[in-house]
Amino acid sequence: SQSCRACRSLTAHLSKMAVAQKVASRPAVASRRGAVVVRASVETRRAVLGGLLASTVVALTSANKAQAAATPVDLFDDRKARNTGFDLIYEARDLDLPQSVRDGLTQARTSLDETIKRVKESETRIDADLEGFIKKNYWTEAREQLRRQVGTLRFDLNTLASSKAVKADKKKALELKKDFIQKVEDLDFALRAKDEPSALKKLEAAKSALDTVLASVL
């Protein structure tokens, strides 16, 4: 009986040792499994990010190619536009340029055709508008229209007179221009006085003087 008890005790002891070994071995397996899971998740994340980056690059490349194909680069020759005053806004800020260039006066004198066109337009407006304004006693409108047209006529008549090759012709044109300006000032005084009969009379004198100076410079 004592031998049987010893056997049973030995068997129980061996069973306990086997269970302890199993329990001790379980964390190691779990840790190995955790390491495998963590390593697999990192590799998966890298693969996903790499795929997203590659797809983004492909999409941007395709978009750039499509945009380049849809909007080609066209070259235009804008030298003519620049010669007619396109760059005046930049020249006006350039302190190294002469004041006449910054104001656009030099550029305006370069084309006699444009000058003649402005002169004829001013003549048309003076002939068409002022008499009606005076007869309706629209004194403010009459004064504003007169001063608006004469403002450019002073400059343009000087330009046309300066273009005369003969000195005597230039002098005569400037004298006629001066007479026209005096007639305009007389008309402006009558408009400010709101004197309809006098304004109509001065208007005819100014129109006659304008016709005379234009016949000299055109």
Side-chain angles (χ1 to χ4, degrees), residues 79-218:
R79 285 176 292 183
K80 183 177 180 181
R82 296 185 65 183
N83 291 334
T84 56
F86 183 79
D87 291 338
L88 285 179
I89 184 62
Y90 303 106
E91 294 174 348
R93 300 168 179 169
D94 190 348
L95 299 179
D96 295 330
L97 294 175
Q99 189 64 41
S100 60
V101 175
R102 295 179 62 195
D103 291 340
L105 301 179
T106 300
Q107 296 86 331
R109 291 189 179 100
T110 56
S111 175
L112 289 180
D113 292 337
E114 291 297 325
T115 301
I116 293 173
K117 187 184 299 184
R118 288 195 301 270
V119 167
K120 290 184 177 180
E121 177 65 21
S122 295
E123 181 187 21
T124 300
R125 295 193 180 192
I126 290 174
D127 292 341
D129 298 339
L130 289 183
E131 184 176 357
F133 288 151
I134 293 172
K135 289 183 176 180
K136 293 179 181 180
N137 292 341
Y138 291 170
W139 306 114
T140 301
E141 289 80 357
R143 289 198 311 271
E144 290 178 351
Q145 181 68 298
L146 177 64
R147 295 175 181 180
R148 188 160 47 240
Q149 302 312 318
V150 174
T152 57
L153 277 173
R154 289 176 184 267
F155 174 80
D156 289 333
L157 291 177
N158 283 334
T159 301
L160 294 176
S162 299
S163 66
K164 294 294 182 180
V166 181
K167 186 176 181 180
D169 294 340
K170 177 180 178 180
K171 182 179 179 181
K172 179 181 178 181
L174 291 175
E175 290 176 353
L176 293 174
K177 192 254 332 184
K178 184 177 180 180
D179 180 66
F180 164 67
I181 296 300
Q182 182 59 53
K183 295 293 193 301
V184 167
E185 291 178 355
D186 295 340
L187 172 59
D188 185 76
F189 180 81
L191 294 175
R192 285 187 285 118
K194 300 180 181 180
D195 188 342
E196 180 178 342
S198 177
L200 290 173
K201 182 179 179 181
K202 300 290 177 56
L203 173 62
E204 293 302 322
K207 290 165 63 174
S208 177
L210 179 59
D211 292 339
T212 303
V213 68
L214 291 182
S216 175
V217 297
L218 297 181

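Just so it is clear, the values below take in all heavy atoms, side chains as well, and ignore hydrogens, waters and symmetry mates.
Judged by distance alone, the side chain of Thr124 and the main-chain N or O of Lys120 form a donor-acceptor pair under 3.5 Å. Checked by atom type and distance alone, the side chain of Ser216 never pairs as donor or acceptor with a backbone atom of Thr212 at under 3.5 Å.
Salt bridge absent: Arg118 and Glu114 never bring a charged side-chain N and a carboxylate O closer than 4.0 Å.
Here NZ of Lys177 is found 7.0 Å from CZ of Arg154. Values are rounded to the nearest 0.5 Å. Rounded to the nearest 0.5 angstrom, Leu187 CG and Ile134 CD1 are separated by 5.5 Å. Atom CZ of Arg143 and atom NZ of Lys194 lie 7.0 Å apart (nearest 0.5 Å). For the atom pair Ile181 CD1 and Leu153 CG, the distance stands at 7.0 Å (nearest 0.5 Å). Between Leu146 atom CG and Lys202 atom NZ the span is 12.5 Å, to the nearest 0.5 Å. For the atom pair Thr159 OG1 and Leu112 CG, the distance stands at 8.0 Å (nearest 0.5 Å).
Here the rule is side chain to side chain contact (heavy atoms under 4.5 Å, CB included) with Val150, and of Val184, Leu157, Asp188, Leu210 only Val184 fits it.
Considering every non-hydrogen atom in both Thr152 and Ser122, the closest pair reads OG1-OG, 3.4 Å. Here the shortest heavy-atom pairing between Ala161 and Leu174 reads CB-CD2, 3.6 Å. Closest approach of Ala142 to Phe133, counting heavy atoms only: CB-CB, 3.7 Å. Minimum interatomic distance between Ser198 and Ala190 (heavy atoms only, all atoms of both residues): OG-CB, 3.8 Å.
Under the rule for a side-chain hydrogen bond (donor to acceptor under 3.5 Å, both in side chains), Glu144 has no partner lying at least two apart in sequence or in another chain. Checked against salt bridge (Lys or Arg N to Asp or Glu O under 4.0 Å), Lys183 has the following partners two or more places apart in sequence or in another chain: Asp179. Judged as a side-chain hydrogen bond (donor to acceptor under 3.5 Å, both in side chains), and not counting sequence neighbours, the contacts of Asp186 are Gln182.
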task: Determine, step by step, whether Leu191 and Thr140 satisfy the side-chain contact (heavy atoms from CB on, under 4.5 Å) criterion, reporting the C-alpha distance in whole Å, the side-chain angles of both residues, the deciding distance to 0.1 Å, and the verdict.
output: CA-CA 8 Å; Leu191 294 175; Thr140 301; over 6 Å; no

Derivation of the salt bridge (charged side-chain N to carboxylate O under 4.0 Å, His left out) call for Glu121 and Lys117: CA-CA 6 Å; Glu121 177 65 21; Lys117 187 184 299 184; over 6 Å; no

message: Assess the residue pair Glu196 and Asn137 against the criterion (side-chain contact (heavy atoms from CB on, under 4.5 Å)); give the C-alpha distance rounded to whole Å, side-chain angles, the decisive distance to 0.1 Å, and a yes or no.
response: CA-CA 7 Å; Glu196 180 178 342; Asn137 292 341; 3.2 Å; yes

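For Lys164, the NZ atom counts as densely surrounded, since its 6.0 Å shell holds more than 12 non-hydrogen atoms of other residues, nucleotides or ligands.
Inter-residue side-chain proximity for Lys170 and Lys167 is flagged as unmet; no heavy-atom pair is nearer than 4.5 Å.
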